[in-house]
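Before any comments, here is the structure.
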Amino acid sequence: MTAIPNSLRSGPDASGHFGAYGGRFVAETLMPLILSLEKAYEAAKKDPAFQAELSGLLTHYVGRESPLYFAERLTAHLGGAKIYLKREDLNHTGAHKINNCLGQILLARRMGKTRIIAETGAGQHGVATATVAARFGLPCTIYMGEVDMERQKPNVFRMRLLGAEVKGVSSGSRTLKDAMNEALRDWVANVHDTFYIIGSAAGPHPYPAMVRDFQTVIGNETRSQMLEREQRLPDLVVACVGGGSNAIGMFHPFVDDAGVEIHGVEAAGDGVDTPRHAATLSKGTPGVLHGARSYLLQDQDGQIIEAHSISAGLDYPGVGPEHSWLKDIGRVKYHSVTDKEALDAFLLLSKLEGIIPALESAHAIAHVARVAPQMDTDKLIAVCLSGRGDKDVFSVAAALGEKL
Amino acid sequence: MSRLAQTFARLKKEGRAAFVPFITAGDPDMDTSFAILERLPAAGADVIELGLPFTDPMADGPAVQAASVRALAAGATTAKVLKMVERFRKTDKTTPIVLMGYYNPIHAYGTARFARDVAAAGVDGLIVVDLPVEEDEVLRVPAAAQGVDLVRFITPTTDDERLKRVLDGAGGYLYYVSVAGVTGTKAVPEDEVRAAMTRVKAATGLPCTVGFGIRTPEQAAAIAALADGVVVGSAIVGRVAANLEAGRDKIVAEVLELTRALAGSTHAAGRDKVSPEKANA
């Protein structure tokens, strides 16, 4: 086994690396900005006024803390471990993304930036970014692949309602990866006034650490709620992984608890042995994309392979660098779930608990449906229900062959 | 003395700036691309930037993105690009070739192996867009051991402190990105370039080329008066895109015609407007 140092929570190192992963692989034009962002973030982190303002907004604007809900009927149905859902779907804007967006927009304001840009896949991060931009009165441009705009129409409309400009991206696979390329192009052309709110725990340092820190509220709350409800920590913690922001936020407070098993769930699309999947950690190899070294879906020549998932939020050929590190040291096990299994879980949770999960989160539920029956009834599972599924009703209807 | 050092020394003596065309290797296919490459020196190229195609060129504008897409669709690979350079070197022993691209294809190839193979093929320098000073040691060191220079960038966002960092360990020449932005989308701002060249010349003896936003012979002449080299990419690959239907001969002819015009005005421009003495004055 790999030697485990005193804490697995101390990364990244000063140069932004988690072991062999992470770093700052960006164009020189962006480097001064990345360095000043890092400085500004380090200062904000230590500033009680910043933390107090963030915490106030999380309470009164987002509605935190979010409940840790015991899914009684799902537990009975699966007949194994007790399943708790961390209800990030109940946050304002319907997903965990807002936790990070608030932190970053406060930082943007602190740095004197006057314009916000972001990329989005499922549209949840775009909606959350448009929301905080409206709340703080800053103009905002969201880049979104044309394929994703088609399958997440309600979110496109929502962003526009919130005053954001949504720019369709027609290059490459026209999904999240290409939206991120386009956002980086905008950023490099507008470095002086623009703040790029990255939605995933990916990108160049300090983003992976910063996004993680802002999302760690998920795991911190889960930890104390579980201790209060069950007087002990969960045996298993589960979250879906696209870029991996809800997962790293959920996992991080547990990585030093040796008794807690942690599973990340990737999108297997049509299956990991087909060419159409998004299981970066399960089937990818290390490479460099969007500013960081991490696992990637790529061919032998280092060209990026387009990902596929029914869930736009997981449809990404990369993953946050800290996940790559956690995989390599064996602390987190990464599994995958097909489109079909995710759809089944989407329906299952809707019918058994009256909770329509986001297709992303349905991947985590599908994995729980697989492992819970194999666990004793006195075991505890905490799964991050990262978002709600209202945005997905069109694509689910299409997948089920129904017209709305 | 390396081919790059020789070329810049010779041009300095002649009082001219280098003309540096950029083409994407394998665009629109390997044969056409080679036909262009081998004729570039006669059309006035002093140094050639050869783009290594990548699926996700996030520092490039639409023209160079499209060139990458065409090259990859036509089957370009790193190995084929190196073969192309090798073939070029059989007949041209003097024109420096600098490979320009993104880090992931190099990472996938393996940095040590890449450094060895590019040197063997006859590559003189590397420009890796997403490999800033903080991360470049992994390629810079093995490349230098093979006599291949890793070219570093200076940009409108580079302040004096950053400039020192960029110059520490820099080799070959420097590439000044004339606009904050992606390739080929904004026009080159002459006054800013003049100020930047003055700063750079005061800080280093390395040659400095300027690129991003130079499209016309007039712009090339203006920049040639200020810098040691003028890089044109998007306008040139745009000629490939504009003539795809017309076929290989027309593509080659159009690219070379633009190259001759740009090289001609670059070489004709006077070259004494920027000097370290003035910067210190």
Side-chain angles (χ1 to χ4, degrees), chain A residues 14-17 20 22-36 38 119 170-173 177-194 203-205 285-294 296-306 317-318, chain B residues 52-62 65-66 68-69 72 75-81 101-110 114 127-136 138 152-159 161-163 165-166 174-177 179-183 185-186 212:
Chain A
S15 59
H17 291 88
R24 291 175 282 219
F25 296 88
V26 296
E28 177 60 31
T29 309
L30 290 177
M31 270 313 296
L33 196 59
I34 298 273
L35 294 170
S36 73
E38 182 185 347
E119 85 295 338
S170 59
S171 57
S173 56
K177 153 181 96 83
D178 311 285
M180 199 150 177
N181 289 337
E182 215 50 45
L184 283 164
R185 289 181 186 123
D186 179 314
W187 200 25
V188 83
N190 297 288
V191 276
H192 297 294
D193 65 349
T194 298
H205 178 65
T285 50
V288 173
L289 181 68
H290 295 152
R293 187 171 188 275
S294 198
L296 293 179
L297 297 179
Q298 58 183 330
D299 68 14
Q300 297 259 319
D301 228 34
Q303 305 296 345
I304 308 304
I305 295 173
E306 293 173 7
Chain B
L52 201 56
F54 183 47
T55 40
D56 294 79
M58 49 272 191
D60 282 298
Q65 286 177 46
S68 249
V69 170
L72 291 171
T77 62
T78 304
K80 285 185 194 169
V81 174
Y102 293 80
Y103 184 46
N104 199 52
I106 298 170
H107 180 277
Y109 198 92
F114 187 78
I127 303 178
V128 188
V129 176
D130 54 352
L131 204 58
V133 177
E134 280 76 2
E135 305 285 354
D136 76 6
V138 65
R152 283 179 170 173
F153 289 99
I154 297 168
T155 79
T157 60
T158 308
D159 62 15
E161 191 187 335
R162 181 78 190 159
L163 182 60
R165 179 99 204 251
V166 170
L174 298 162
Y175 189 128
Y176 178 69
V177 174
V179 294
V182 295
T183 50
T185 50
K186 293 183 192 167
F212 281 46

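Within every chain, numbering begins at 1; the chains are lettered A, B, ... in the order of the sequence lines, protein sequences first and strands thereafter.
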Chain B heavy atoms under 4.5 Å from [X]: which part of the residue, side chain, backbone, both or neither?
X	value
A:Gln298	side chain
A:Asp178	side chain
A:Ile305	neither
A:His17	side chain

Measuring only between side-chain heavy atoms, which start at C-beta, is B:His107 closer than 4.5 Å to A:Arg293? yes
Quick one: are B:Gln65 and A:Arg185 in side-chain contact, heavy atoms under 4.5 Å? yes
How long is the span from the [atom1] atom in [X] to the [atom2] atom in [Y], to the nearest 0.5 Å?
X	Y	atom1	atom2	value
B:Thr55	A:Asp299	OG1	CG	7.5 Å
A:Leu35	B:Glu161	CG	CD	9.0 Å
B:Thr157	A:Met31	OG1	CE	10.0 Å
A:Asn181	B:Asp56	CG	CG	4.5 Å
B:Tyr102	A:Leu289	OH	CG	11.5 Å

Closest approach of B:Pro53 to A:Gln303 (non-hydrogen atoms, all atoms of both residues):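 Minimum heavy-atom separation between B:Pro53 and A:Gln303: O-NE2, 3.0 Å.
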Please name the pair of heavy atoms, one in A:Glu28 and one in B:Pro132, separated by the smallest distance, quoted to 0.1 Å. OE1-CB, 4.1 Å
Need one label for B:Val166: side chain, backbone, both or neither, based on atoms under 4.5 Å from any heavy atom in chain A.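 The side chain, not the backbone.
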Is B:Leu72 in contact with chain A via its backbone, its side chain, both, or neither, using a 4.5 Å heavy-atom distance?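 For B:Leu72, the contact with chain A is made by the side chain alone.
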Heavy-atom pairs under 4.5 Å with chain A are the metric here; pick the option from B:Ala66, B:Gly61, B:Pro57, B:Pro62 that has the most.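 Most heavy-atom pairs within the cutoff with chain A belong to B:Pro57.
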Using a 4.5 angstrom heavy-atom cutoff, name the option from B:Asp136, B:Val128, B:Val129 with the most pairs to chain A.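 It is B:Val129.
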Test side chain to side chain contact (heavy atoms under 4.5 Å, CB included) on A:Ile304 and B:Asn104; report intermediate values, then the result. CA-CA 9 Å; A:Ile304 308 304; B:Asn104 199 52; 3.8 Å; yes
Under the side chain to side chain donor-acceptor pair (under 3.5 Å) test, which residues partner B:Thr185, sequence neighbours left out?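 Residues passing side chain to side chain donor-acceptor pair (under 3.5 Å) with B:Thr185: none at all.
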